[in-house]
There are 2 protein chains.
Amino acid sequence: MSNRIESIRNEMKNNGLDCWYDSGTDPHLGEYIPRHWHTREWITGFTGSAGIVLITHGFAGLWTDSRYFLQAEKELENSGIHLFRSGEKGIPDPEEWMVSNLPENAAIGFNGKCLSAAKIESWKNTFSDKKFTFIGDIDIINRVWVNRPELPINPVFRYEMTFSGESSSEKIQRIRQDLEKKHADALFLTLLDEIAWVFNIRGQDVDYNPLVISFAWIDREQAVLFVDPDKITHETAFELKKDGIVCRPYTDADDFIKENSESRCVLTDRNRISSRHYNVIKKHALKTIESDNPSYHFKSVKNETEQSGIKNAHIRDGAAMVRWMIWLNKTLPKKTLTEISIADELEKIRSRQENYKGLSFPTIAGYEEHGAIVHYSAKPETASVIKPYGLLLVDSGAQYLDGTTDITRTLALSKPTNEQKKHFTLVLKGMINLACAVFPEGTNGSNLDILARKFLWKNGLNYGHGTGHGVGCFLNVHEGPQRISLNSNVPLKPGMIVSDEPGVYFEGKYGIRLENLILCKKSSNDGFLEFETITLCPIDTNLIDTFLLTREEMMWLNMYHQTVYEKLAPLMDNDEKTILRKMTMAVS
Amino acid sequence: MSNRIESIRNEMKNNGLDCWYDSGTDPHLGEYIPRHWHTREWITGFTGSAGIVLITHGFAGLWTDSRYFLQAEKELENSGIHLFRSGEKGIPDPEEWMVSNLPENAAIGFNGKCLSAAKIESWKNTFSDKKFTFIGDIDIINRVWVNRPELPINPVFRYEMTFSGESSSEKIQRIRQDLEKKHADALFLTLLDEIAWVFNIRGQDVDYNPLVISFAWIDREQAVLFVDPDKITHETAFELKKDGIVCRPYTDADDFIKENSESRCVLTDRNRISSRHYNVIKKHALKTIESDNPSYHFKSVKNETEQSGIKNAHIRDGAAMVRWMIWLNKTLPKKTLTEISIADELEKIRSRQENYKGLSFPTIAGYEEHGAIVHYSAKPETASVIKPYGLLLVDSGAQYLDGTTDITRTLALSKPTNEQKKHFTLVLKGMINLACAVFPEGTNGSNLDILARKFLWKNGLNYGHGTGHGVGCFLNVHEGPQRISLNSNVPLKPGMIVSDEPGVYFEGKYGIRLENLILCKKSSNDGFLEFETITLCPIDTNLIDTFLLTREEMMWLNMYHQTVYEKLAPLMDNDEKTILRKMTMAVS
């Protein structure tokens with residue numbers, strides 16, 4: 001590792017840089033990233049999924065968050081790289097560190113392809129007093145990284161109309177109308193899920209998300225997909241062409257936007273484009289207009305076909321969850337199970353379901369105190385053995401051709417304590433109350449969030465994460481723009497899906513979280529909206545203190561369980577049905 | 001009137017103006033305005049409290065909102081002035097009208113002293129394509145208004161420490177610390193309630209608000225109050241001097257800020273300064289820093305002394321309300337009462353209370369269908385006679401030396417219908433649920449608002465106004481920055497007061513609103529906040545459908561009524577006590 005850092009420092013010297021900033025992301029600003037762009041790991045040896053690296057001529061530091069403190073400590077041992085525990089008191093963030101430690105006029109190098117334009121805009125403010133210069137066009141890492149992994153070359157396949165419900169040409173038409181409304185002529189797309197949605201394509205280039213490494217350009221005449229030609233069969237290319245889409249090599253994007261910006265007014269979305277591409281457009285375009293990508297918003301509103309596909313996927317996913325719970329109950333007394341082996345079994349069961357295409361994120365299986373770690377990821381060396389008592393939190397989901405799932409259940413492996421029941425019931429009340437909300441059009445996530453939290457708040461409890469995120473349709477398990485959180489001002493719209501996942505965590509003891517996906521739809525009263533719960537899986541009634549439920553909450557629970565039984569039973573054999581019947585029995 | 005408009009047009013011609021824009025506000029951007037600045041009324045004859053006037057060489061228009069449509073129609077009759085009913089479908093706002101009807105490069109005249117800097121900033125965007133020029137330094141109206149009323153010259157009195165709880169010198173000290181933190185040297189104050197708060201002064205220059213027409217300047221060395229010297233007694237001037245405050249004539253402000261900005265970095269708050277003063281500072285200051293005035297935020301957090309004064313004021317105000325309700329009940333069967341006479345009687349009863357200094361806003365007494373008009377103001381020619389049936393909505397408040405009140409009650413004058421009871425109870429549930437909220441520090445009004453609305457929403461009902469506004473301490477009945485509304489992102493802090501006033505309105509039928517003031521304070525759980533209800537007055541239990549209340553809501557109501565009895569009874573005679581006992585009887 002120290003050789004690698006020295007080679008970086010040499011390149012820094014050659015290029016007059018005082019500091020190298022590694023964002024740890026890729027040119028598509030994604031959450032999951034192909035190995036080709038694992039620069040953070042290559043530089044430091046740290047294998048966690050989040051972190052920033054800073055290198056100066058006398059110093060090297062890695063910033064990461066609490067889920068990776070232990071792991072980073074081990075992986076950075078003897079590396080000479082200083083670990084910054086982000087979020088801990090007194091720990092400066094990378095920008096604060098740079099302000100305090102770098103001289104005025106320092107030259108900051110970074111890969112401008114792998115940093116959003118919005119980040120650089122914020123840097124300009126943060127660093128205005130220090131007069132730093134930003135040098136984003138020298139990719140030092142690429143020069144020194146020998147045997148760098150190639151970009152993935154997995155086949156692209158078309159996402160059929162039976163699942164997407166809207167042809168690519170129709171989507172492009174809608175985008176063009178939006179551009180016209182905003183007096184813009186063209187749009188460059190960077191985010192892989194937006195491209196996949198617009199062009200009705202899917203692939204396997206990224207873990208957990210069925211994405212294709214690509215860029216895209218849409219103007220009033222052209223729709224261009226920049227993608228490695230080896231990934232596209234003749235048949236797919238032909239189909240794309242029928243939708244008016246031209247394919248060009250992935251590496252052509254830069255030159256293309258340079259030429260094609262010149263005569264056009266280009267819509268730019270700072271949060272969804274790399275600094276490099278933003279600068280190219282700013283420099284060459286006739287004019288630019290700053291606005292959210294229309295695809296970002298269109299994608300979040302699911303059409304009828306998508307909605308019905310997603311609901312079907314949730315029936316199969318719920319059946320898999322039930323089958324797994326039954327397996328767990330049966331196997332636990334007989335066999336040694338760990339957080340890893342139960343997650344593997346859940347994956348195996350899911351993978352037998354129709355249309356299964358993989359997990360939608362790494363399963364979080366947290367037993368007892370591990371359940372209190374919100375983004376827990378079990379490692380072979382530290383995974384807990386599951387005992388026949390205590391609480392088990394499992395947050396998991398899958399990609400099906402017709403939809404993406406994300407569900408959390410907390411299970412009592414023996415008789416829970418009264419305190420555990422109280423905490424579980426407060427979380428359940430929150431989940432139910434958000435699911436039952438009726439609200440006028442225009443209401444946003446910051447208005448609704450309290451419904452999921454207020455019962456915890458009354459007891460002096462809270463959770464540190466948001467209440468709900470958007471979910472794609474056979475796409476990313478996290479998507480915007482809508483969220484349920486105390487500071488989301490995006491109005492909910494019919495067709496949007498959000499998760500409904502309150503929780504409560506007791507460090508060193510246990511964590512409780514429940515998560516259903518809910519679909520926003522029109523309510524019976526004109527101008528009002530409501531949610532439909534689409535996740536179908538029993539809630540552990542052993543953990544409920546029914547005394548704390550109102551009549552309405554009890555009714556919701558019993559009706560939910562009745563629906564779960566009716567929808568899942570047809571997929572079950574007789575033994576399973578009997579157990580499911582028990583799991584979904586009405587409480588009073 | 002037409003002569004006035006012609007004289008304005010002559011002046012416009014002389015000064016090369018294509019359009020005159022009358023904002024209808026004053027140099028202090030106030031809600032209530034001395035007659036000297038009633039330019040809108042002078043130009044048009046329209047006496048309503050809100051509206052914009054636009055005059056071109058061939059056109060004159062008045063924009064006002066729904067509460068004044070009828071009145072404006074009458075008052076503008078035969079004036080040739082076009083009435084724009086703001087908020088109605090297809091009605092352009094003044095800016096939209098200007099964009100559509102004025103030629104490119106048109107010269108827009110306005111009084112830059114009577115328009116906020118923020119407004120002009122927004123104009124620059126709105127009108128960028130039309131290339132309008134803005135001419136804000138010619139006060140045409142003053143040139144043509146013969147016999148213009150003088151500025152009020154009412155005596156200024158000091159607001160004693162027994163009520164304010166913090167000396168003016170301490171407040172100025174806090175402001176200076178805040179300026180230092182923001183790397184600013186000086187601050188110019190425009191808003192009369194901020195000045196009154198900082199300098200611990202009160203006056204009678206403005207209806208309903210105990211304010212003094214003044215400006216103020218605070219820098220690291222000086223604290224200057226610009227006020228007509230005739231208003232200040234030697235004693236008051238001496239007391240102000242003890243607090244380090246120098247008084248200078250009101251008319252000196254402009255020259256003073258010019259000179260004193262030059263060597264200083266001045267904090268500017270676009271929303272709380274006139275365009276004229278903003279431009280003077282921008283032009284002359286060494287530097288400016290854009291930020292909210294610190295006084296705006298400090299004022300909103302009431303100290304212990306203010307809190308206890310406000311609570312005492314609410315006991316006396318509640319007693320007056322009860323006495324009035326008793327009077328209404330007794331008098332209604334015997335005498336002809338109108339919306340105006342009952343409001344007058346309420347004012348009379350209030351005026352007998354200790355520390356009474358006037359109403360805090362014009363009483364809204366809306367009988368039956370008038371209750372559905374949110375900002376209803378009874379006029380002699382249209383005021384309803386109160387019959388011994390139906391619903392009566394009364395929203396009123398007073399200024400006491402120790403605090404400002406604002407309360408709404410809706411009363412059933414005979415047996416209400418089941419529908420009325422249902423609507424009243426939904427509103428009551430909303431008021432109770434907001435009052436009972438427990439929430440972590442950092443929570444804002446947009447997070448809490450739903451608590452007051454959700455029961456109405458479930459029934460497809462809603463109200464078009466905010467749920468709560470801040471209230472001053474013997475100051476304005478409306479103050480910021482905190483609000484309870486679907487889009488207020490200002491966190492609630494201990495010591496802040498907000499109103500809690502959900503309602504529901506049925507046009508042509510009746511309106512229901514309940515309003516208590518609630519005080520934010522620390523909760524027993526660390527890091528959490530809650531409210532204490534400080535308005536003390538019975539809620540009409542005849543209007544409650546107890547079947548719709550939860551056990552907790554019922555308990556809140558009965559405990560609230562018990563408190564109301566305990567706090568108000570000592571101010572009542574025996575007959576009144578007996579009736580108050582009945583009014584506050586527990587329901588079940």
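Within every chain, numbering begins at 1; the chains are lettered A, B, ... in the order of the sequence lines, protein sequences first and strands thereafter.
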_So, taking the atom named CE in A:Met559 and the one named OG1 in A:Thr533, what distance separates them when rounded to the nearest 0.5 Å?_
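Result: 10.5 Å between the selected atoms.
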
*asked:* How long is the straight-line distance from OG of A:Ser291 back to CG of A:Asp178, given to the nearest 0.5 Å?
replied: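 Going from CG on A:Asp178 over to OG on A:Ser291, the span is 7.0 Å.
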
*Among A:Leu456, A:Leu451, A:Asn444, which residue forms the greatest number of heavy-atom pairs with chain B at distances under 4.5 Å?*
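With the most close heavy-atom pairs to chain B, the winner is A:Leu451.
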
Within-4.5 Å side-chain heavy-atom neighbours: [X] and [Y]:
X	Y	answer
A:Leu549	A:Trp556	no
B:Lys421	B:Phe547	no
A:Thr443	A:Leu529	no
B:Pro481	B:Val490	yes
A:Leu486	A:Thr467	no

*Taking A:Glu501 for the side chain and A:Arg513 for the main chain, is one N or O donor matched with an acceptor at less than 3.5 Å?*
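No.
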
*asked:* If we count only N and O atoms by modelled type, under 3.5 Å, do the side chains of A:Thr268 and A:Lys282 hold a donor and an acceptor together?
replied: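 No pair is found: no donor N or O on one side chain lies under 3.5 Å from an acceptor on the other.
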
_Distance-only side-chain donor-acceptor flag, B:Ser446 / A:Ser446, under 3.5 Å_ =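 Indeed, the side chains of B:Ser446 and A:Ser446 share at least one donor-acceptor pair under 3.5 Å.
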
*When you look at NZ of B:Lys493, are more than 12 heavy atoms from neighbouring residues, nucleotides or ligands closer to it than 6.0 Å?*
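It does not: B:Lys493 NZ has 12 such atoms or fewer within range.
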
Tabulate, in ascending numerical order, the residues of [range] having at least one heavy atom closer than 4.5 Å to a heavy atom of chain A, or enter 'none'.
range	result
residues 422-438 of chain B	B:Asn433, B:Cys436, B:Val438
residues 121-130 of chain B	none
residues 517-528 of chain B	B:Asn525, B:Phe528

*asked:* Quick check on A:Asn489 against chain B: is it the side chain, the backbone, both or neither that has a heavy atom closer than 4.5 Å?
replied: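 Answer is neither: A:Asn489 stays 4.5 Å or more from chain B.
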
_Region of A:Leu461 in contact with chain B, defined by heavy-atom distances below 4.5 Å_ =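 Backbone of A:Leu461 only, per the 4.5 Å heavy-atom cut-off to chain B.
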
*Parallel, tilted or perpendicular for B:His465 and B:Tyr463, by the 30°/60° rule?*
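Ring orientation of B:His465 relative to B:Tyr463: tilted.
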
*Which salt bridge (Lys or Arg N to Asp or Glu O under 4.0 Å) pairs, counting each pair once, include a residue from residues 481-491 of chain B, with sequence neighbours left out?*
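Listed by first then second residue: nothing to list.
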
*Show your reasoning for whether side-chain contact (heavy atoms from CB on, under 4.5 Å) applies to B:Val587 and B:Leu557.*
CA-CA 8 Å; B:Val587 298; B:Leu557 181 71; 3.5 Å; yes

*For B:Asp449, is it the side chain, the backbone, both, or neither that has a heavy atom closer than 4.5 Å to a heavy atom of chain A?*
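Answer is neither: B:Asp449 stays 4.5 Å or more from chain A.
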
*Looking at B:Ala452 and B:Pro502, what are the two nearest heavy atoms and their distance?*
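The pair with the smallest heavy-atom distance is O-CB, 3.8 Å.
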
